[in-house]
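Quick notes on the structure that follows.
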Amino acid sequence: MTEPLLVVRDLHTTFSTDAGLARAVDGVSFAVGRGETVGLVGESGCGKSVTALSLLRLIDGAGRIEPGSEILLEGRNLLALSEREMRDVRGNRVAMIWQEPLSALNPVMTVGDQIGEVARVHAGASRREARAKAVEMLRLVGISAPEQRAAEYPHQLSGGMRQRVVIAMALVMSPSLLIADEPTTALDVTIQAQILELLREVQQRMGMSVLLITHDLGVVAETASRVIVMYAGEVVEESPVREIFAAAHHPYTEGLLRAMPRVGATGGRLAVIPGSVPAPTNWPSGCRFRDRCPYAWE
């Protein structure tokens, strides 16, 4: 077997809070193969987004990645790099699509300048080359009249078009790994389907790996080949997508599957998982899902 593109081993990311030490990511390990799409699934508060930020070493302030954690990209330990070396990795070898495109884009720069800036920073492109690259990327992600759109500002575009611009920015340097953090959450269902299809097309064209972070197992079913389920800072289940839909093993995964809306279902309320994710400053002992689990006993 070829070596995975990304290997995460025993990742611990903590935050100092007034309530104590929050162990937001607590011993997470997984791998992403070359050209593979992996879904990282769980409720809000499970640690998915903190895991993504940890991969890019964007944990700051009161947070830190604990010693003993390993993040290997193409065999290179990202946690051992200097900040300058890490800036070369971000946007170049690893790119990220953020959850809310309007907050990810600068409101006072044209979208063409924002896309072209990636080429200027990482490839030393001239202003003219950067502009041409921006138009090329807008065309790649399916935006019509790309020359015109390159001169427009984010507020002049629809939500779906803004998300395409964010994807274009992420793809400028043909990264090895694309991290997509809830890329369709703020979009209506029709636009969601278009964005997911776009991600699938550009992945096949560019041969990159994708780590898709979502709370929606339906999105994973359409897009990923393998799924990792997180709960309370831990990985609780990992499986090929088809197998997890056929026979989930962890009660939390079963709960997520039951809570999915079904086409053609009539009457009744959607199933829910009772309770909420516990606070990372006070994870339960033993199985962290036990307070919400229908199979738990004394």
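None of these values were measured; they are calculated from a predicted model. Numbering starts at 1 and runs along the sequence shown.
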**OP:** May I ask whether Leu78 and Leu177 are part of the same hydrophobic cluster, defined by side-chain heavy atoms of I, L, V, M, F, W, Y residues being less than 4.5 angstrom apart, directly or through others?
**Re:** yes
Original post:
Would you say the side chains of Ser69 and Glu66 form a donor-acceptor pair under 3.5 Å?
Top reply: no
Hey, what do you get for [atom1] ([X]) to [atom2] ([Y]), rounding to the nearest 0.5 Å?
{"X": "Glu83", "Y": "Asp88", "atom1": "CD", "atom2": "CG", "answer": "10.0 Å"}
{"X": "Met86", "Y": "Leu56", "atom1": "CE", "atom2": "CG", "answer": "5.5 Å"}
{"X": "His12", "Y": "Asp26", "atom1": "NE2", "atom2": "CG", "answer": "4.5 Å"}
{"X": "Arg164", "Y": "Leu171", "atom1": "CZ", "atom2": "CG", "answer": "12.0 Å"}
{"X": "Arg131", "Y": "Ile115", "atom1": "CZ", "atom2": "CD1", "answer": "9.5 Å"}
{"X": "Thr190", "Y": "Ile195", "atom1": "OG1", "atom2": "CD1", "answer": "12.0 Å"}

Original post:
Does the distance from a Lys or Arg side-chain N to an Asp or Glu carboxylate O, for Glu298 and Arg290, drop under 4.0 Å?
Top reply: no
**OP:** Using a strict 4.0 Å threshold on nitrogen-to-oxygen distance, state whether Glu152 and Arg149 make a salt bridge.
**Re:** yes
Original post:
Taking all non-hydrogen atoms of both residues, which atom of Leu5 and which atom of Ser176 are closest, and how far apart?
Top reply: CD2-O, 3.3 Å
Original post:
Can you find a pair of side-chain heavy atoms, one from Glu43 and one from Tyr252, that are under 4.5 Å apart?
Top reply: yes
For residues 30-39, run the donor-acceptor check on the side chains, cut-off 3.5 Å, and write out each pair with its distance to 0.1 Å, sequence neighbours left out.
| from | atom 1 | to | atom 2 | distance (Å) |
| --- | --- | --- | --- | --- |
| Arg34 | NE | Glu3 | O | 3.4 |
| Glu36 | OE1 | Gly33 | N | 2.7 |
| Glu36 | OE1 | Arg226 | NH2 | 2.9 |
| Glu36 | OE2 | Arg226 | NE | 2.9 |
| Glu36 | OE2 | Arg226 | NH2 | 3.3 |
| Thr37 | OG1 | Gln203 | OE1 | 2.9 |
| Thr37 | OG1 | Gln203 | NE2 | 2.7 |

